[in-house]
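What follows is a short report on a single structure.
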Amino acid sequence: MTALALRLDGIEKRFGATQVLRGVDLDVREGERHALIGPNGAGKSTLFSLIAGERRASAGRIALRGEDVTRLASAALARRGLARSFQTTSVFANLTVRDNLRCAVLASLGGGAGFVARWLGSKRIDVRATELLDALDLAYAADHAAATLSYAQQRALDLGLALAGGAHTLLLDEPTAGMNRAEAARAIELIRTMTAGKTVLLVEHDMDAVFGLADRVSVLAQGRVIATGTPQVIRADAAVREVYFGAFGQDAQTDAGAPDA
Ligand SMILES: Nc1ncnc2c1ncn2[C@@H]1O[C@H](COP(=O)(O)OP(=O)(O)OP(=O)(O)O)[C@@H](O)[C@H]1O
């Protein structure tokens with residue numbers, strides 16, 4: 001049996017009278033890159049925020065590597081190896097690129113007594129930060145303020161911050177949004193190399209990114225997962241095509257994020 005990194009059972013979310021998620025079942029296998037797609041307003045961001053522990057589900061269960069984490073907040077999830085990167089970057093603009101990474105490594109070691117001593121003294125923090133700088137191709141900018149990086153580079157740094165603590169499971173929120181084609185291709189390559197051997201669940205509208213990255217794809221529509229499969233299977237799925245093309249209309253097939261034939 002394939003080990004599961006994440007398992008969602010019957011997840012529901014209501015905002016007042018509005019029910020956004022109506023029983024989401026989703027399995028994410030250990031070590032796979034799994035994309036969550038769906039029309040605008042389908043509830044992808046809401047589902048992400050529940051998995052990341054930023055919001056509480058109204059019903060249902062979330063398990064991380066077999067452990068029930070339904071009621072855990074994001075800090076507790078981070079300690080269990082689940083990290084999240086954001087659509088808008090979460091870098092500290094005025095800190096240098098290196099110090100952003102040092103902070104993230106330090107934070108992953110936990111706060112409390114000796115925090116500053118660890119900051120000043122630990123060679124381990126510097127070594128890990130330098131490894132990440134190299135892997136992200138940002139060594140040349142190590143001592144520049146993060147604010148001086150391009151948007152795409154800040155997203156790369158943001159990925160590094162998410163990985164700094166050695167997370168085994170990563171949630172990536174539209175990792176190529178706002179990038180031009182070349183930047184998006186580079187981001188996809190970086191995600192591939194930086195997350196090798198890890199589990200990744202990503203929300204993405206750009207189908208090049210989805211089909212370039214994902215081992216499997218799940219489609220969220222009307223508050224449920226309506227299909228899960230390899231990119232090839234999802235491309236050909238009649239119900240998926242109906243959801244996209246029904247929602248956006250025939251004219252939008254090539255530019256509204258619909259899976260191409
Ligand atoms: N805090 C909230 N209060 C009330 N309704 C909300 C709240 N957050 C989200 N919603 C509603 O939930 C629905 C799903 O929103 P969500 O942002 O999760 O969808 P999405 O699939 O991520 O959309 P997109 O692809 O456009 O980002 C929308 O109708 C939205 O208006």
Side-chain angles (χ1 to χ4, degrees), residues 1-13 19-39 42-74 76-85 162-163 167-175 191-192 194-205 207 209-244 259:
M1 202 178 84
T2 315
L4 293 181
L6 272 171
R7 165 159 237 167
L8 275 56
D9 276 316
I11 293 293
E12 297 183 18
K13 181 65 184 174
Q19 182 152 15
V20 176
L21 301 176
R22 300 167 178 274
V24 174
D25 299 324
L26 179 70
D27 286 349
V28 180
R29 296 172 185 157
E30 196 75 54
E32 78 170 337
R33 286 189 300 261
H34 195 121
L36 185 64
I37 66 172
K44 303 179 295 295
S45 301
T46 302
L47 187 62
F48 240 46
S49 67
L50 301 181
I51 300 169
E54 291 150 10
R55 287 206 174 97
R56 246 333 131 66
S58 309
R61 183 176 180 275
I62 302 173
L64 177 67
R65 289 188 156 178
E67 182 191 1
D68 187 341
V69 295
T70 315
R71 304 186 73 77
L72 294 188
S74 43
L77 288 165
R79 286 195 291 277
R80 284 164 176 77
L82 180 103
R84 165 173 196 175
S85 89
L163 287 166
H168 53 71
T169 302
L170 270 167
L171 305 178
L172 302 182
D173 196 357
E174 296 198 36
I191 292 166
R192 271 182 184 289
M194 297 288 292
T195 66
K198 297 182 184 292
T199 305
V200 178
L201 178 63
L202 66 139
V203 166
E204 184 56 77
H205 282 288
M207 288 301 143
V210 169
F211 290 103
L213 271 173
D215 301 307
R216 291 196 305 155
V217 179
S218 287
V219 184
L220 191 66
Q222 286 108 36
R224 290 192 185 85
V225 171
I226 61 161
T228 293
T230 61
Q232 292 70 24
V233 166
I234 291 298
R235 249 183 228 270
D237 188 294
V240 174
R241 298 183 70 79
E242 171 65 27
V243 160
Y244 271 94

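From a predicted model like this one, the values you see are computed outputs, not experimental measurements. All values below come from the heavy atoms of this structure, side chains included, with hydrogens, waters and symmetry mates left out.
- Scored by the side chain to side chain donor-acceptor pair (under 3.5 Å) test, R55 finds S49 as partners (sequence neighbours excluded).
- Residues L82 and V69 have side chains not in contact (no heavy-atom distance under 4.5 Å, counting atoms from C-beta outward).
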Subject >> V217/R235 under side-chain contact (heavy atoms from CB on, under 4.5 Å): CA gap, chis, key distance, verdict >> reply: CA-CA 10 Å; V217 179; R235 249 183 228 270; over 6 Å; no

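- Annotation: side-chain contact (heavy atoms from CB on, under 4.5 Å) contacts of S74 (sequence neighbours excluded): none.
- Residues K44 and H205 are in side-chain contact: their nearest non-hydrogen atoms beyond the backbone lie under 4.5 Å apart.
- When every heavy atom of D25 is checked against every heavy atom of G10, the shortest pair comes out as OD1-N, 2.7 Å.
- Between R29 and H34 the shortest side-chain heavy-atom distance does not fall below 4.5 Å.
- No side-chain heavy atom of V203 sits less than 4.5 Å from a side-chain heavy atom of S45.
- Minimum heavy-atom separation, I11 to G60: CD1-C, 3.8 Å.
- Annotation: side-chain contact (heavy atoms from CB on, under 4.5 Å) contacts of R79 (sequence neighbours excluded): A75, A76.
- Listed by chain and number, the residues in a salt bridge (charged side-chain N to carboxylate O under 4.0 Å, His left out) with D68 are R61 (sequence neighbours excluded).
- Residues I62 and T70 share a closest heavy-atom pair of N-OG1, 2.9 Å.
- Closest heavy-atom contact between G43 and L220: C-CD2, 3.5 Å.
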Just list the side-chain donor-acceptor pairs under 3.5 Å for residues 221-229, sequence neighbours left out, or say none.
unit_1: R224; atom_1: NE; unit_2: R22; atom_2: O; d: 3.3
unit_1: T228; atom_1: OG1; unit_2: S218; atom_2: OG; d: 2.7

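- Considering every non-hydrogen atom in both A52 and L171, the closest pair reads CB-CD1, 3.8 Å.
- Remark: the backbone N or O of R71 is paired with a side-chain donor or acceptor of R56 at under 3.5 angstrom.
- Side-chain contact between L50 and L21 is present, with at least one heavy-atom pair separated by less than 4.5 Å.
- With hydrogens and angles ignored, the 3.5 Å screen pairs no side-chain donor or acceptor of T195 with any backbone N or O of K198.
- For A162, the side-chain contact (heavy atoms from CB on, under 4.5 Å) partners are A83, S85, L170, not counting sequence neighbours.
- Here D237 pairs with nothing under the salt bridge (charged side-chain N to carboxylate O under 4.0 Å, His left out) rule; sequence neighbours left out.
- Panel note: side chain T199, backbone E30; no donor-acceptor pair is recorded below 3.5 Å.
- Under the 4.5 Å side-chain criterion, counting only non-hydrogen atoms from C-beta, L213 is in contact with R192.
- When the side chain to side chain donor-acceptor pair (under 3.5 Å) test is applied to R80, the partners found at least two apart in sequence or on another chain are E67.
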Subject >> Verdict with supporting geometry, L47 and L8, side-chain contact (heavy atoms from CB on, under 4.5 Å) >> reply: CA-CA 10 Å; L47 187 62; L8 275 56; 3.6 Å; yes

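- Between R33 and L172 the shortest side-chain heavy-atom distance does not fall below 4.5 Å.
- Side-chain contact between L77 and R84 is absent, with no heavy-atom pair separated by less than 4.5 Å.
- Nearest heavy atoms, V28 versus E32: CA-OE2, 3.4 Å.
- For A209, the side-chain contact (heavy atoms from CB on, under 4.5 Å) test picks out T176, I188, E204, D206, with sequence neighbours left out.
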